[in-house]
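Here the structure is laid out as structure tokens; the discussion comes afterwards.
Naming convention: chains lettered A, B, ... in sequence-line order (proteins, then strands); numbering from 1 in each chain.
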Amino acid sequence: MNNVRVRFAPSPTGPLHIGGVRTALFNYLFAKKNNGTFILRIEDTDQLRYVPGAEEYIMDSLEWCGITFDEGIRQGGKYAPYKQSERKDIYQQFANQLVQKGAAYYAFDTPEELEEMRKKLEQQKSSIQQYNYATRMEMKNSFTISPELIKQKIENGENYVIRFNIPENVAIEMQDLIRGKVTVNSSTLDDKVLFKSDGLPTYHLANIVDDHLMQISHVIRGEEWLPSLPLHYLLYDSFGWEKPQFAHLPLILKPTGKGKLSKRDGDSGGFPVFPIDWTDPNTNEKYAGYKQWGYCPDAFVNMLALLGWNSGTEQEIFSLSELEQIFTIEKVGKAGAKFDPEKTKWFNEQYIRNKPDEELANYLLNFLNQQNIQTTDDKKNIEYLTKVCHLIKDRATLLTDLYQLGNYFFEAPKDYEPKTLKKFWKEDTKNLMEKVKNILTTIEDLSAHDTEQILKTWIEENQIAFGKVMNPLRILLVGDAKGPHLFDIMQLIGKDEVLKRIEYGINNLN
RNA sequence: GGUCCGGUCGUCUAACGGUUAGGACGUCAGAUUUUCAUUCUGAUAAUCGGGGUUCGAUUCCCCGUCGGACUGCCA
């Protein structure tokens, strides 16, 4: 495919949630796969819903995911500006063009009048409850007001909008890359506002004008836009422009219950819906992000890619660059997908296990510093942390688990898990630990291999049950019946520390 | 209410009109293990209903049903 140009066009009305990220991802993958250009365009034509910081949030989030743009706010491009509020002047002339052609018209109805009309139609249980061919003759617009008066009203500075003149009873046949042919009769459509009284275009106008001007070849967006596709078709035709190809992605649904995923679902469901943390500047409400929860960006992206798309093979783990090679629109499903927090965790586990120990160590070091966790300098050291991560990464679901899972590598257990203690600390245990301590004292550096051999030999020779020694020893060193191979732990934390912990236990238990 | 889009294990999904309907997550069981995990093995469970078309429908068509989206001077 030549000259593929796709855009992600969010509106900065709040943080981007995972549905939006997935739309961006699919656009990005489609562009990469087809050697195309990926564009970010900010659709901020609604000044009322503008949220400060949202624009930055969107860009930062996608950057965290590794989704990059060829053209956009931060990188510029020859179709700049990429923000609709900065393209304001462009839209009016196009709206006027449509009016001149008779494809659009002026309307002067106030919000109250519109509401009244809708209410009336609803009460009448009319089959048509819209501003269209059936009702427009009863409203205040170019059809009911003389051209002279219209001109005068506009010159007087009266508020007006420009509406699209939807034709009556025309079959609009559309093509969608995911759904195939879709047909709608124009009589079921309404005369959408194209140009608002505040001097800005609505989404419908701005999106068509900009897609045309920016030479967009494929429009890949959420299914919620499918109902306005006929309008967009009509708009392209009215301008006499060639249409891009369209693909409407299935929605991401709530994990439980009904409806599409919304920002509130995260709190109740115990999982983030946003890529990174977000604080609403107006209400100060905080929303958690995948990044801060401890998800790896590549795992997050991998999970998203498989929500509504599949490779056709049984492979499920894909790097971003792999996806760039194999992504196709044809493999995108039609049905909405319920979001699955459990599977998301699984993806993250897979990624953590496959990451180099050192990379995890860097994360952990950062974490220790950020959380201001006190430990000795020799422990806040990449080499040491790398070994720690090597031992514990199989147990982690989130990156943030890493510290909790290995806290005994940084400090002696403060107290012992009561149930475990009760289970394994018996009357003769203290004695046994005393003996173990004496043996360990004689071993030079507590290397895992040597220690294991020596201790095992001693246990066998004395015909003691293995668990009778190892379990309480683990409690003294770790504080609980958990964690990696005990001899590996001993080697890592070192002889002094091991002896100290055993001694403390002997002195404080029973 | 109207318009449109969907419906395969609980969830994500695979299956030129011909498969014992496959995989993954989850759950359960077993194996391994000094513990917790990991890992391995096994089990579990699905074509929304009714009509067609066809030698044969998960697959194509119609109806119903269920679910979703849209129905703003929001995007």
Could you work out which one of B:U34, B:A14, B:U3 sits closest to the side chain of A:V184? B:U3
In whole angstroms, how far is the C1' atom of B:C74 from the CG atom of A:L205? 15 Å
Flag this pair as yes if the NZ/CZ of A:K153 is under 6.0 angstrom from the six-membered ring centre of A:F108 and inside a 45 degree cone about the axis; otherwise no. yes
Among the nucleotides B:A75, B:U34, B:A24, whichever has the atom closest to the side chain of A:T202 is B:A75
Establish, with yes or no, whether the OP1 or OP2 oxygen of B:A75 is under 4.0 angstrom from a side-chain nitrogen or oxygen of A:K196. yes
Distance-only donor-acceptor test (3.5 Å): side chain A:H485, base B:U33: no
Of the listed B:U38, B:G26, B:C73, the closest approach to the A:W346 side chain comes from B:G26
Selected nucleotide, minimal atom distance to A:A337 side chain, candidates B:C73, B:C12, B:U3: B:C12
Going by the angle between their ring planes, with limits at 30° and 60°, are A:F246 and A:Y233 parallel, tilted or perpendicular? tilted
Starting at NZ of A:K343 and ending at P of B:G23, how long is that distance when rounded to a whole Å? 13 Å
Has A:R136 got its NZ or CZ under 6.0 Å from the middle of the six-membered ring of A:F143, at an angle within 45 degrees of the ring axis? yes
Are any of A:K331's side-chain N or O atoms less than 4.0 Å away from OP1 or OP2 of B:A15? yes
Tell me whether the OP1 or OP2 atom of B:G2 has a side-chain N or O from A:K125 closer than 4.0 Å. no
Can you identify which nucleotide, out of B:U34, B:C36, B:U3, has its nearest atom closest to the A:R474 side chain? B:U34
Report yes if a side-chain nitrogen or oxygen of A:R179 is closer than 4.0 Å to either non-bridging phosphate oxygen (OP1 or OP2) of B:A69; otherwise report no. no
Using whole Å, what does the distance between atom C1' of nucleotide B:U11 and atom CZ of A:F271 come to? 13 Å
